[in-house]
Amino acid sequence: MTEPDLSFLFRGEAAPPGKGTPAPAPQPAPVPAAPATGRASAQGQAFADLVAELRGYQAELEAQNKELRYSQAAAESASERFEALFSSVPLSLMVLDEHDMVVQANAMAHRSFQPTELDRPLTSLMPFVSDADADRVHRAFALARAQGRSDASEVVFQIGGERRITGDLHIAYIETLQGSGEPLRQFLCAVIDQGPLLAERHTLQQRNEQLHASERRLEAVINSALDAIICVDQHQRITVFNPTAAALFQCPTRDALGSPLSRFLPELARAPGYAQLTTQAALGEMQARSATGRELAVEVSVTFEHHEGSVTTTVFARDLTARKRAEERRQELEVQLRESQKMQAVGTMAGGIAHDFNNILHAILGNVELAKADAQAPGTDPRVLESLHEIDKAARRARDLVRQILAFSRNEAPPRGAVQLAELMRETERLLRVTLPAHIHLQVQSAAQLPPILADATQVEQALLNLCTNAIQAVGTRPGRVMMQAQCLRPNAALRERLKLAPATYVALQVSDDGPGMDAATRARIFEPFFTTKPVGQGTGLGLPVVHGVMRTHGGAIDVQSAPSRGCLFTLFFPLADAAQVEAESAPMPLMVLADDRPASTRKRPCVMYVDDDEALVFLVRRLLGRRSYEVAGFTDPRTALRALAQEPARFDLLVTDYNMPGFSGVQLLREVRKIRADLPVALASGYITAEIEQSALLEGARALIHKPNDVHELCDTVDRLVRGAP
């Protein structure tokens, strides 16, 4: 605003200063010399008032001009600051008119929406908005026009072919009045790029998902762990109780949560003290308590986690019950294995001794028979014949003892058939009652319709006699009871494992007494051959070993229960007889006693070749057969016998050979003989003939098997039959 020109009001004064410069203060006019009149005086006063008013008006104008100049400078400064802020703010700012035309945009907006010269120029905003967000952005502009401002979050702006911006759009409506006409309507838009935040949010979401997955995996691991896992807080209250812990301590998880740890693990009261020393500790075996009060043996280890001034303790408890049971079972099996190995070694030794002793007994019995025949001549002292009878009786008892040893030592199954155990029990009862003391009550019980067992009747009866005899002798001279009973049952898994029985139904034969019983040390040795608790001369120690051997060869088992002052209970488990198996196993192996097809010999004395490594037996057989008009060629060396046969093949009518000879068995000799003379009858003699030995001998062409020691008449009758070629 310019100042008015008032120079016309001043006389004789210079023109006022230039435009915009305040005029100097007017000097007072000189007083005229002429005398004043009243009119002149009035005019002068009016003029002075006018000048004063003008001067006040001038001062007011000067103040307004100063204020206007300050306002103009402030507005210019604010405009400059706005322009600087608009240009340098790190946001994409744009001013849009009502037609979506970009009136003004800062450098950040140009860099964001037109990063290269090939991209679309920033002349309008809506072409950059994705189709999915276009309607939402239009509604935001309409809302801003109505309310002054609005927002649209996570709007996707397409920049070029592949690049895009995801940001929040903030809109402010600006309406500027003009001098005339319609006001100027514009929109101030700010785009805040949310890409980094969205990427970070996506990363956090992935991490949260991974964390949740890890928590689920950890929960699955805890719930499926074979060890009991218990977590407790700093107050020793349970916060985690997995299913294994619930099963181990017999307490549901919902009941265990919040309980003190000492409820289940009383010995862990000192565990928090380890948290100051280590992060984990193995505490070893300790006693735990289930919810029902049952004591448990567990192996415990703990870990500690420190966070925010508190400690979380995790307890791992492993049930040792199965391990202890397995250890006890392992020790029991070791004892059984050592016992089995010992019994096997003893059986092998007993078998070898019995074989050699057989030969001695054979020689004794044979020579006794010869001596008895000689003692019957006239003039012989009768006391000689009586002595020979005593020798024969003692030798036969020794033979029976050897047969018991062989029954114990042999491992092959005897010929078996369907046997009614009730009949054997009745027969055994009949034999026992003849010599049963009056003060002992013998009781026999058998279940009705007891199925037959697959067994050898003679061996089973021998086992029954041995057990009952031992029971009667155990009762002694005081009144007592011996019971023999049988029933059909299926042993449980523990008993089958201990006795090594197959899962099947068995006939259980029990022999019990109310005698003094046995301690554990005695019970561990009762099946050892020659072990006996009876006085000298009252027992051989072979009764129970024979029973053990019978049950082993029958595919069964024997169980013993006894304690001091509680008597003894022996249980024999016999397998049932299967129809097809009985037919297959019980059929006896035929002895191939074949007829001699060779032409009748013209010799008057048939010649028998006898081969045995025991010279006493060779001498005995030569005397026995010699008295029956046989010519006997005896050999103790199989190779010498082969050379003699090769030199005179037609001389011999029969070959009798021992089966067991050192370095050259009877079967080997049989093979070599058949190469020299295939039609020569051959008989094998042995005191230990198994099914395997019999089968191999018959397949090689043996005509008969002779058991040693046998009666003299039996040996001679077998030789007569084979020499004659009779069946």
Side-chain angles (χ1 to χ4, degrees), residues 348-349 351-367 369-370 402 406 596 598 601 603 605-690 692-694 696-710 712 714-716 718-720 722-723:
T348 303
M349 179 187 68
I353 294 174
H355 173 264
D356 293 339
F357 197 48
N358 254 337
N359 292 337
I360 299 173
L361 289 176
H362 198 176
I364 293 173
L365 288 172
N367 282 286
E369 287 293 330
L370 292 176
V402 170
L406 289 175
D596 192 353
R598 62 186 181 135
S601 176
R603 293 191 302 269
R605 298 184 63 192
C607 184
V608 176
M609 176 182 287
Y610 186 80
V611 182
D612 196 302
D613 59 320
D614 193 326
E615 188 174 353
L617 286 180
V618 173
F619 176 74
L620 171 65
V621 171
R622 184 182 292 118
R623 293 179 60 197
L624 285 174
L625 296 181
R627 293 192 179 190
R628 293 205 173 198
S629 301
Y630 284 98
E631 179 185 356
V632 179
F635 299 91
T636 57
D637 184 6
R639 295 175 180 81
T640 305
L642 281 176
R643 288 195 294 268
L645 180 63
Q647 292 175 0
E648 299 180 87
R651 175 188 172 188
F652 303 100
D653 299 286
L654 174 67
L655 169 62
V656 179
T657 177
D658 187 21
Y659 178 80
N660 294 308
M661 293 181 291
F664 208 91
S665 70
V667 174
Q668 289 176 305
L669 178 60
L670 174 59
R671 295 194 191 104
E672 298 298 326
V673 167
R674 291 180 64 83
K675 294 178 183 178
I676 300 173
R677 182 178 165 185
D679 61 341
L680 180 65
V682 178
L684 267 71
S686 176
Y688 181 60
I689 297 178
T690 64
E692 181 182 358
I693 293 175
E694 186 175 5
S696 62
L698 296 178
L699 289 177
E700 293 293 338
R703 300 290 181 88
L705 295 175
I706 301 175
H707 293 265
K708 298 189 303 183
N710 51 9
V712 173
E714 180 184 353
L715 172 64
C716 295
T718 302
V719 171
D720 290 341
L722 293 179
V723 170

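The figures that follow rest on heavy atoms only: side chains count, while hydrogens, waters and symmetry mates do not. Since we're looking at a predicted model, the values are computed, not measured.
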Donor-acceptor pair, Arg677 side chain versus Phe652 backbone, under 3.5 Å?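 Yes; judged by distance alone, with no hydrogens or angles, the pair exists.
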Donor-acceptor pair, distance only, cut-off 3.5 Å: does the side chain of Glu648 make one with the backbone of Leu645? no
Please round to the nearest 0.5 Å and tell me the distance separating atom [atom1] of [X] and atom [atom2] of [Y].
X	Y	atom1	atom2	result
Gln647	Ile676	CD	CD1	10.0 Å
Leu669	Leu655	CG	CG	5.5 Å
Thr636	Asp614	OG1	CG	9.5 Å
Asp637	Asp612	CG	CG	12.0 Å
Arg605	Asp653	CZ	CG	12.0 Å
Thr657	Leu670	OG1	CG	8.5 Å

Please report the shortest heavy-atom distance between [X] and [Y], naming the atom on each side.
X	Y	value
Ser629	Pro606	O-CD, 3.9 Å
Gly626	Val632	N-CG2, 4.4 Å
Pro681	Leu654	O-CD1, 3.4 Å

What I want to find out is whether Arg651 reaches Glu631 closely enough, with some N-O distance under 4.0 Å, to be called a salt bridge. yes
Less than 4.5 Å apart, side chain to side chain, heavy atoms only: is that true for [X] and [Y]?
X	Y	answer
Arg622	Tyr610	no
Val667	Leu684	yes
Phe635	Val618	no

Does Glu615 have any salt bridge (Lys or Arg N to Asp or Glu O under 4.0 Å) partners at least two apart in sequence or in another chain, and if so, which? none
Passes side-chain contact (heavy atoms from CB on, under 4.5 Å), Asp658 versus Val611? Steps please. CA-CA 6 Å; Asp658 187 21; Val611 182; over 6 Å; no
Sequence neighbours excluded, which residues qualify as side chain to side chain donor-acceptor pair (under 3.5 Å) partners of Arg671? Glu700
Mind checking what makes side chain to side chain donor-acceptor pair (under 3.5 Å) contact with Arg623, not counting sequence neighbours?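 Checked Arg623 against side chain to side chain donor-acceptor pair (under 3.5 Å); matches are Asn367.
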